[in-house]
Asker: 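Structure in C-alpha cells, see below.
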Protein chains: 2
Amino acid sequence: MAAKPFAPVTSESIGDYLKAILELGGSEELRVTTKALAERLRVRTPSVTGMLQRLAAERPALVVYQKHHGVQLTAAGKRRAWELVRHHRLLELFLHDVLKYSWDEVHDEAERLEHFISERFEDRVAAILGDPEIDPHGHIIPHKYEAAACRDEVPLARWALQTPATISSVRDRDPAALREIERLGFMPGTGLVVERRNAASSLSVRIAGQADGMRISLDLAECIFVIAPAG
Amino acid sequence: MAAKPFAPVTSESIGDYLKAILELGGSEELRVTTKALAERLRVRTPSVTGMLQRLAAERPALVVYQKHHGVQLTAAGKRRAWELVRHHRLLELFLHDVLKYSWDEVHDEAERLEHFISERFEDRVAAILGDPEIDPHGHIIPHKYEAAACRDEVPLARWALQTPATISSVRDRDPAALREIERLGFMPGTGLVVERRNAASSLSVRIAGQADGMRISLDLAECIFVIAPAG
DNA sequence: ATATGAAATTAGGTTATCCTAATTCTGGCC
DNA sequence: GGCCAGAATTAGGATAACCTAATTTCATAT
C-alpha cells in the first residue's frame, strides 16, 4: 500500500522486518546484524539501516537499535512478530488441512496472507482446526499474546554422530527441499542417527528401524531440525 | 506495499479503482466520473485523475479514458475487475459458511483479502464450497475468466408500487444495514410488495405471506435489490 | 598503535500513492 | 453567444519503501 498521510503504525514491510529479526535472533535473542537482515529480506543494507531507525523511533519502539551493533526486538516488537508467526503457522496448517495444499505449497501463500488476516480470521481458523499446537512442518504454533514456546532444536547438520535424534521440524521456506525431505521420509517425529560425515559435503544417515542408510547433502541437513528423542 | 523498482502491473490500489469503475458503471458499462470514483474510493479527485491516466497508459491499457469525460474499462481492465469480484464473493461465502462469520462481518475481510489470495487459493476455496453460484448476500459469483452474468435487478426504492417483487440481492458494504435487513427478514429469495411511498422518506412494504406491512427507510430500500418473481 | 577490509551508515534519488491549492474545461441558462 | 458553477485537471508537495554511490566505523592483525 501507499503513503496515506496517516499510515498505520504497522505495514507489511515492518512486519517482515520484525519477523526476520525474531527468527535470525534465535531463542537467545541475539542482536541481529544489518547484513543478515538484508540477505534474509532480499533488500540492500541501506534500506535495512533506514527501516531500523524508523522502528526504533516508533512510539512505542519496536526494536532496540545501536548504530553499528545490531538490533533486538522490544516487548512491543516481539509481540507483533510472534503474532505474525502465529498467523503464518495457523495459515499453513489451515491451507494444508482444509484447502488441501501440499506441504511445500503452504509457505508462500501463508507468508503473504499472514499480514492481512484479521484477529477474527485468526480466531476462527484456530477454532475450526481445534486450537492446534503444531503446524505441518512441525513448528509449534504460539498461543495468542504469548511468546512461543521454544525447543532446543538443532539443524541435523550439527547433531553429534552416532547419537539418536528425533526430527522436530523442517525449514518451511524451500519447496524443493520440502519435496526432497518428504520423498526421503524425513518427516517430523521420525527417529534417526547420523552415521558419518563424508568428504563430499554429505552426511550418511539411517532412519530408525530401517536397515539401509542414505546420504543427504549438508544443505538438506541444514533444513532438518532435530532434538533428543523423547523420554 | 512500497515502490519496488519493478512493481507488478497490478496493485491493491489499481484493483480497487478497477472494481469501483466496474461497479459504478453498472451493467450498461456507462462512463464513470472522476467525482463518483473519488467518493467511492474515499480519495480526492486529483488522485483519481492521476490514477486514471496511469491505468490508461498501462500496456495493455486497463481503461479508456477521455479527459473530462469519464472512464470505461477495457477488456483487460474488465478481466482483472471481475477476477477481484469473484475473489470477493467466494471469500464472503467461505468466511460465512466455513469460518462462521455472520453476514455483516464478511464484507470488510473479503475486501482486504481479495487482493492477496493466489489463484490456487481461489480454486481450492471454490472446490470445497462445491463451485457455488451465489454468495451470502445473493450476488452471482462469476466464473473464472468470465464476465459475470448480470441480472436486471433494481433497488427496491425504485420498484413499481403494488407489483410483486423477489429480493435478488442486498448491498454488502454496510454492516448496520445488513443487520437491519436480517432483523426485518428481507433475505434474498423473499417475495414482497411495495404498498406505498410515505412522506417521511419511507416505504410501506409487505412481505409475501405476512398480514402486516412495515415501514422501511428509503436509504434501506436502496440497499435491497429486487427482480420480477420467477416465471 | 595503526592499517585495513568488511560492515554499516549517510547522502541523494526513484516510484507509487496520496494530498492541497490553483487553474481550466464543460454545459446549461439567460 | 457569453457567463458561471461545478467538475476536472495541472502544479507542486508529502511519505513509505526501495535503490546506488560515497563515506564512516569497527575489529582485528600486524
Asker: Figure out the CG/C1' separation between B:L41 and C:dC19, and round it to whole Å.
Answerer: 15 Å
Asker: What is the ring orientation for A:F121 with B:Y101, classed by angle as parallel under 30°, tilted 30 to 60°, or perpendicular over 60°?
Answerer: perpendicular
Asker: Is there side-chain contact between A:E111 and A:K19, with at least one heavy-atom pair below 4.5 Å?
Answerer: yes
Asker: Checking contacts here: which listed nucleotide (D:dC18, C:dA8, D:dA8) is nearest the side-chain heavy atoms of A:Y17?
Answerer: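 Looking only at heavy atoms from C-beta outward on A:Y17, the closest nucleotide is D:dC18.
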Asker: From the set D:dT9, C:dC18, C:dT20, return the single nucleotide nearest to any side-chain atom of B:R44.
Answerer: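 Nearest to the side chain of B:R44 among the choices is C:dT20.
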Asker: Could you tell me the separation between the CG atom of B:L37 and the P atom of C:dC18, rounded to a whole number of Å?
Answerer: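 Computing the B:L37:CG to C:dC18:P distance gives 12 Å.
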Asker: Between atom CD in A:Q66 and atom C1' in C:dT9, what is the gap in whole Å?
Answerer: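 My rounded result for the distance is 15 Å.
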Asker: Rounded to the Å, how far apart are A:M51 CE and C:dT9 P?
Answerer: 14 Å
Asker: Report the nucleotide, chosen from D:dA8, C:dT10, C:dC18, that has the shortest atom-to-atom distance to any side-chain atom of A:Q53.
Answerer: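 The answer is C:dT10, which lies nearest to the side chain.
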Asker: What's touching nucleotides 22-27 of chain C from the protein side, N or O pairs under 3.5 Å?
Answerer:
none

Asker: If you count every heavy atom of other residues, nucleotides or ligands that lies below 6.0 Å from A:R112 atom CZ, does the total exceed 12?
Answerer: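 Counting other residues, nucleotides and ligands, CZ of A:R112 exceeds 12 neighbours.
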Asker: Less than 6.0 angstrom from the centroid, inside 45 degrees of the normal: does B:R171 satisfy that with respect to the ring of B:F225?
Answerer: no
Asker: Calculate the interatomic distance between A:L55 atom CG and C:dT9 atom P; express it in whole Å.
Answerer: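 Those two atoms, CG and P, are 13 Å apart.
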Asker: Reckon B:T45 has a side-chain N or O less than 4.0 Å from the OP1 or OP2 of D:dA8?
Answerer: no
Asker: Base, sugar-phosphate or nothing for A:T34? Non-hydrogen atoms, less than 4.0 Å.
Answerer: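 The residue A:T34 makes sugar-phosphate contact but no base contact.
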Asker: Mind calculating the distance between OH (B:Y65) and C1' (D:dA7) to the nearest angstrom?
Answerer: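 So the OH-C1' distance, B:Y65 to D:dA7, works out to 11 Å.
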Asker: Is A:E133 close to A:H143 at the side-chain level, that is, under 4.5 Å between some pair of heavy atoms?
Answerer: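 Yes. Closest side-chain heavy atoms under 4.5 Å.
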Asker: Check the surroundings of atom CZ in B:R173: do more than 12 heavy atoms from other residues, nucleotides or ligands lie under 6.0 Å from it?
Answerer: yes
Asker: Please tell me if B:S13 has a side-chain N or O lying less than 4.0 Å from either OP1 or OP2 of C:dC18.
Answerer: yes
Asker: Under 4.0 Å: is that the gap between some side-chain N or O of A:T49 and OP1 or OP2 of C:dA8?
Answerer: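 So the side chain of A:T49 is outside the cut-off, no N or O lying under 4.0 Å from OP1 or OP2 of C:dA8.
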Asker: Can you measure B:E12 atom CD to C:dC18 atom C1' for me and round it to whole angstrom units?
Answerer: 14 Å
Asker: Which residues satisfy the ring pair (Phe, Tyr, Trp, His ring centres under 6.0 Å) test with B:H88, sequence neighbours excluded?
Answerer: B:H107
Asker: Could you tell me how far apart B:D16 (CG) and C:dA16 (C1') are, to the nearest whole angstrom?
Answerer: 14 Å
